[in-house]
Amino acid sequence: MTPSSRLPRRQFLAAGAASAWALSPLGALAQASAWPAKPVNLVVPFPAGGGTDAFARPLAAQFSKATGKTLVIDNRGGAGGTVGASFAAKAAPDGYTLFMGAVHHAIAPSMYPRLDYDIEKDFIPLFLLANVPQVVVVNPKTVPAANFAQFLEFVKRNPAKLNYGSAGAGTSHHLAGELFKQQTGTFITHIPYRGAGPALQDLIGGQVDMMFDGLGSSAAHIKAGRIKALMVSGHKRNPAFPDVPCAAEVGLPDYTVTTWYALWAPKGTPADIQARIIDEVRKLGTADELKSVWASNGAEFGGMTQAQFAAFVSSEVKRWAAVVKASGAKLD
């Protein structure tokens with residue numbers, strides 16, 4: 001046998017040894033400790049400028065500083081965030097494609113009967129990144145109301161005169177609007193967009209009158225005076241906007257819609273790499289840089305364990321199924 005004919009066999013044996021090492025406990029540990037060894041793709045299922053993007057980009061910036069590897073933002077908007085989710089569900093489960101979804105993905109199973117993925121079966125829940133109250137925001141040039149009381153009086157006297165933009169049919173923006181209409185006995189026309197970013201741009205430009213938005217995407221525009229906040233959902237005011245009344249204060253104690261953003265991995269991602277990702281994200285979230293961004297967006301950083309977050313997602317899917325049924329919300 002000549003040296004040239006022996007070379008493929010040597011390569012074969014070397015490849016076999018490498019595979020055996022990778023599958024061994026020590027090999028798996030080495031893989032996890034090496035993560036990230038290259039750039040990581042973060043699928044954000046909405047266009048730039050929305051709430052998911054508002055938290056993804058600061059996270060990506062701090063990730064790159066901490067690890068020396070780029071967290072690449074991959075915006076894939078459409079169909080209330082389900083286009084991006086479908087793409088991420090089919091990605092290789094190697095820790096190099098992550099999915100940043102939101103409350104919208106707990107709503108989607110009740111709004112989209114033919115999804116080609118299952119948020120609970122095709123993804124591994126990793127980390128709850130942020131909790132943000134919804135806020136009622138209006139274009140002050142098109143909505144003649146200085147406060148919530150004036151606004152409510154106007155919409156009651158003028159049914160269907162105003163419209164509201166959302167990040168898409170079946171998103172929390174959409175459901176928040178439908179719940180508001182149900183609880184106040186009003187009618188405001190829904191205008192779905194491909195994400196909160198495009199909807200916000202049209203709100204600022206006066207093409208739509210208002211939004212039921214998450215504070216994460218509206219905060220900067222409220223502070224700049226481009227849009228006006230009339231109410232935040234829930235039972236307490238938000239520290240970032242202490243002058244904006246909460247729903248309970250204006251007579252809507254059951255209006256408690258909250259937007260949350262979270263991180264998932266495709267099913268099959270090794271447990272040790274999951275743990276490495278979670279540890280890295282937890283460290284980033286406790287650093288001053290992200291704390292200040294979260295606070296300016298009126299958000300709280302998630303503090304759940306992985307198991308608690310998995311249970312939370314399941315409970316949210318059930319909760320929103322009941323909300324969709326009670327509100328009569330439909331795709332439009």
- Query: Are His173 and Tyr164 close enough that their ring centres sit under 6.0 Å apart?
  - Reply: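 No, too far apart.
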- Aromatic ring centroids of Phe309 and Phe127 under 6.0 Å?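 No.
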- Geometric class of the Phe99/Trp264 ring pair [parallel <30°, tilted 30-60°, perpendicular >60°]: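 Judged by the thresholds at 30° and 60°, the geometry between Trp264 and Phe99 is tilted.
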Please report the shortest heavy-atom distance between [X] and [Y], naming the atom on each side.
X	Y	answer
Ala299	Val132	CB-CG2, 3.7 Å
Met111	Gly170	CG-CA, 3.7 Å
Ala91	Pro266	O-CB, 3.8 Å
Met304	Arg282	O-NH2, 3.7 Å
His190	Ala169	CE1-CA, 4.2 Å
Cys246	His235	SG-C, 3.6 Å

From the options [options], select the one residue that forms a side-chain contact (heavy atoms from CB on, under 4.5 Å) with [X].
X	options	answer
Met231	Val250, Leu152, Val137	Val250
Ser217	Thr52, Thr259, Leu200	Leu200
Val138	Val208, Ile227, Leu230	Leu230

Any side-chain to backbone donor/acceptor pair from [X] onto [Y]? Under 3.5 Å, distance only.
X	Y	value
Trp35	Gly95	yes
His104	Ser172	yes
His105	Gly101	no
Gln308	Thr305	yes
Tyr255	Ala176	yes
Asn158	Lys161	no
Glu153	Ala145	no
Asn139	Leu203	yes

- Query: With the threshold set at 4.0 Å, does a side-chain nitrogen-carboxylate oxygen contact exist between Arg237 and Glu249?
  - Reply: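 Looking at Glu249 together with Arg237, the answer is yes, because their closest N to O distance falls below 4.0 Å.
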- Query: Does a salt bridge link Lys181 with Glu178, judged by any charged N lying under 4.0 Å from a carboxylate O?
  - Reply: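 Here Lys181 pairs with Glu178 in a salt bridge, since their nearest N and O are under 4.0 Å apart.
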- Are there more than 12 heavy atoms of other residues, nucleotides or ligands under 6.0 Å from atom NZ of Lys223?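 Count over threshold, so yes.
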Does any part of the side chain of [Y], heavy atoms only, come nearer than 4.5 Å to the side chain of [X], both counted from C-beta?
X	Y	value
Val72	Leu42	no
Leu290	Pro58	yes
Met100	Tyr261	yes

- Query: Which residues satisfy the salt bridge (Lys or Arg N to Asp or Glu O under 4.0 Å) test with Asp209, sequence neighbours excluded?
  - Reply: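 Partners of Asp209 by the salt bridge (Lys or Arg N to Asp or Glu O under 4.0 Å) criterion come out as none, since no residue qualifies.
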Looking only at side-chain N and O atoms, does [Y] offer a donor or acceptor that is under 3.5 Å from a partner on [X]?
X	Y	answer
Asn163	Thr189	no
Glu120	Ser314	yes
Trp260	Glu316	yes

Distance (rounded to the nearest 0.5 Å) between [X] [atom1] and [Y] [atom2]:
X	Y	atom1	atom2	value
Met211	Ile188	CE	CD1	13.0 Å
Ser218	Gln134	OG	CD	9.0 Å
Ile273	Leu126	CD1	CG	11.5 Å
Leu129	Leu263	CG	CG	5.5 Å
Thr269	Phe123	OG1	CZ	10.0 Å
Leu128	Phe301	CG	CZ	8.5 Å

- Query: Val257 and Leu175: side chain to side chain contact (heavy atoms under 4.5 Å, CB included), yes or no, with the steps?
  - Reply: CA-CA 9 Å; Val257 183; Leu175 270 294; over 6 Å; no
- Task: Would you mind listing every salt bridge (Lys or Arg N to Asp or Glu O under 4.0 Å) that reaches into residues 298-309, with sequence neighbours excluded?
- Result: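 Sorted result for residues 298-309: Lys236-Glu300.
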- Item | side-chain hydrogen bond (donor to acceptor under 3.5 Å, both in side chains) partners of residues 66-95, not counting sequence neighbours, each pair once |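 Of all non-adjacent pairs touching residues 66-95, those that pass side-chain hydrogen bond (donor to acceptor under 3.5 Å, both in side chains) are Asn41-Asp74, Asp53-Asn75, Arg57-Asn75, Asp74-Arg76, Ser86-Lys90, Ser86-Asp116, Lys90-Asp116.
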- Task: Dump the intermediate steps for side chain to side chain contact (heavy atoms under 4.5 Å, CB included) on Asp254 and Gln183, then the final yes or no.
- Result: CA-CA 8 Å; Asp254 297 325; Gln183 292 183 13; 4.0 Å; yes
- Does Lys38 count as lying over the ring of Tyr96, i.e. NZ or CZ under 6.0 Å from the six-ring centre, within 45 degrees of the axis?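 That pair qualifies as a cation-pi contact.
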- Task: Start with the C-alpha distance between Val103 and Thr258, add both sets of side-chain angles, then the distance that settles side chain to side chain contact (heavy atoms under 4.5 Å, CB included), and finish with yes or no.
- Result: CA-CA 8 Å; Val103 59; Thr258 301; over 6 Å; no
- Task: Evaluate the criterion side chain to side chain contact (heavy atoms under 4.5 Å, CB included) for residue pair Gln306 and Gln274; output intermediate values, then yes/no.
- Result: CA-CA 10 Å; Gln306 188 177 16; Gln274 294 176 42; 2.9 Å; yes
